[in-house]
Amino acid sequence: MIRPHGLRQVWGRLHVTARDLPLAVLLCALAFVPSMRGSGTDIGGVAERPYDAVAIAAIGLQAPALTLRRRWPAVCLTLVAAGFALDQLRGYHTVAGTALPLALLSSGAHLERYRRTTVAVLSVAYVLFVAELVRRGSGEPPAEFVSFYVAMCLLWGGGAWLRSTRIAEAERRHQVAGQTRAAERARIARELHDVVTHHVTAMVVQAEAARYLTAAPERLDEALTAVTDTGRRAVADLRHLLELLNPDHGEGSRTPPVGRLLTLVEQTRRAGQPVEFTEKGTPAASTGSADLVAYRVVQEALTNALKYAHGQATSVLVRHSEKDITVEVGTDGPGTRAVASPGGGRGLAGLRERVDVLGGEFEAGPRPGGGFAVRARIPTGSRA
């Protein structure tokens, strides 16, 4: 059994000509119903006459042409107008004349080129049509012809309004798509900045320390091993980040695996930075993007500690609750300008944006007693 949703999908995949065919068939069929004869549009007051071969031609020009109203609107309007004129001049007044307002509305909505020319040609054709009716002795007052022309203009204008609305919606969607792409590029750039900056900074510090260990081969080997391990972790993190660009990649894998914070702290310690790590509370059942942002806050703060306060005591405190994750990273120091400079860096600015997107709070700056502190409160459960 085909469900209504499935029928809509099948109908939507059909060509527009096929979707307009039922309307054309219905209008054509109604025109031949005996009780409906002569009940169509009557302009000009031409005496009614029975159907003949010309009547069939007039109906054939109007109703079937509606199948072209979206694919070739100009052709549709031309055929319908010709059939309508023939219908009225001969006095058939068929129901097929209903095709004219539909053709006008569709042409106003779907015609892309020569719109002004089309309106001018139709206006001239209407004047000639009225002139022929008057020549044949039409008793209609001029106001009737003017009213009919105004009605046709309103139908065209309604179609033009639909067209402008459709174009405006397409432009809005294009702008939204552009903004989404820009936001995604910015997010990827921030991720790359965090991953590359942290690991490369750690490797540089470890390599610098190795210079002074040439007289101690055992410690030198340990230092070079640390550099190698850091490089491998950098490659692994970059691979993980590139996998996120895969549309089939799971959303849940954006959060770093359990234990990565401790690994991050150990890596920083091996680079020569004394770090005290404390984690309190139980993580919420669903943290959304909060875990990833908390990880990046710690990563960026430790990177800045290595760069600007190398060797100074650093503390990392992470508190979990049902509603949020709180991160506090503090580095001791004299409070010099060099230590305070990370507050305006691109990394911390990017972190502030991430936390703000999730509705959290972020602050970074010098501590009153010296050193530098980074604090963030990140609400859990958001998938932003």
Side-chain angles (χ1 to χ4, degrees), residues 17 20-111 115 118-163:
T17 303
D20 289 330
L21 181 60
L23 175 62
V25 172
L26 176 63
L27 197 58
C28 190
L30 289 176
F32 287 99
V33 175
S35 60
M36 300 290 290
R37 293 185 179 182
S39 59
T41 305
D42 182 358
I43 178 171
V46 177
E48 184 180 345
R49 69 168 66 188
Y51 283 9
D52 53 18
V54 179
I56 296 175
I59 295 172
L61 284 172
Q62 295 177 88
L66 288 179
T67 59
L68 311 176
R69 68 186 185 91
R70 285 185 282 186
R71 184 69 177 85
W72 292 296
V75 175
C76 170
L77 185 57
T78 300
L79 293 176
V80 170
F84 181 82
L86 185 61
D87 186 320
Q88 298 303 313
L89 291 173
R90 295 280 293 180
Y92 302 121
H93 311 307
T94 69
V95 178
T98 310
L100 182 62
L102 295 176
L104 282 167
L105 186 65
S106 299
S107 297
H110 300 289
L111 188 63
R115 294 176 61 85
T118 301
V119 171
V121 170
L122 285 175
S123 298
V124 172
Y126 181 72
V127 171
L128 296 176
F129 169 68
V130 172
E132 179 61 20
L133 287 175
V134 173
R135 189 187 70 79
R136 296 190 180 196
S138 172
E140 295 284 347
E144 292 295 327
F145 295 117
V146 174
S147 298
F148 188 79
Y149 179 77
V150 171
M152 289 194 299
C153 291
L154 290 175
L155 287 167
W156 175 277
W161 177 81
L162 291 174
R163 178 175 179 269

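It should be emphasised that the depicted structure is a prediction, and the values quoted were computed from it without experimental measurement. Along the sequence shown, residues are numbered consecutively beginning with 1.
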Taking the side chain as C-beta and beyond, is there a heavy-atom pair between V130 and F148 under 4.5 Å?
-> no

Closest heavy-atom pair, S106 versus R69, reported as atoms and distance to 0.1 Å, is OG-NH1, 2.8 Å

Any side-chain heavy-atom pair of Y92 and I59 under 4.5 Å | no

Indicate the atoms forming the closest heavy-atom contact of R37 with A31, along with that distance.
-> CG-O, 4.2 Å

Do L100 and M152 have side chains that get closer than 4.5 Å, going by heavy atoms?
-> yes

Could you give the distance from CG (L23) to CG (L102), rounded to the nearest 0.5 Å?
-> 6.0 Å

Would you mind reporting whether L79 and W72 have side-chain heavy atoms less than 4.5 Å apart?
-> no

Separation between CG of L61 and OG1 of T78, rounded to the nearest 0.5 Å = 11.0 Å

With no hydrogens and no angle check, is any side-chain donor or acceptor of D87 less than 3.5 Å from a backbone partner on A58?
-> no

State, yes or no, whether a side-chain contact exists between S123 and V127 at a heavy-atom distance under 4.5 Å.
-> no

For R90 and A55, indicate whether the former's side chain and the latter's backbone hold a donor-acceptor pair under 3.5 Å.
-> no

dist L86:CG -> T94:OG1 (nearest 0.5 Å) comes out at 9.5 Å

How long is the gap from CG on L154 to CG on L104, to the nearest 0.5 Å?
-> 10.5 Å

Looking only at heavy atoms, the pair that brings A103 and L66 closest together is N-CD2, 4.4 Å

Is a side-chain donor or acceptor of Q62 paired with a backbone partner of A99 at a separation under 3.5 angstrom?
-> no

Flag side-chain contact, heavy atom, 4.5 Å: I43 against E140 = no

Do V95 and V33 come within less than 4.5 Å of each other through their side chains, counting heavy atoms only?
-> no

Would you say the side-chain atoms of T67 pair up with the backbone N or O of L21, donor to acceptor, closer than 3.5 Å?
-> no

Side chain of R70, backbone of T17: donor and acceptor closer than 3.5 Å?
-> no

For the atom pair CG (L27) and CE (M36), what is the distance rounded to the nearest 0.5 Å?
-> 9.0 Å

So do the side chains of L133 and V46 get within less than 4.5 Å of each other, counting heavy atoms only?
-> yes

Closest non-hydrogen atoms of H93 and D42, given as atom of the first, atom of the second and distance, are CE1-OD1, 3.1 Å

Looking only at heavy atoms, what is the nearest atom pair of Y126 and F145, with distance?
-> OH-O, 2.6 Å

May I ask you to say whether R71 pairs ionically with D20, meaning some side-chain N is under 4.0 Å from a carboxylate O?
-> no

Nearest heavy-atom neighbours spanning A24 and A63 | CB-O, 3.2 Å

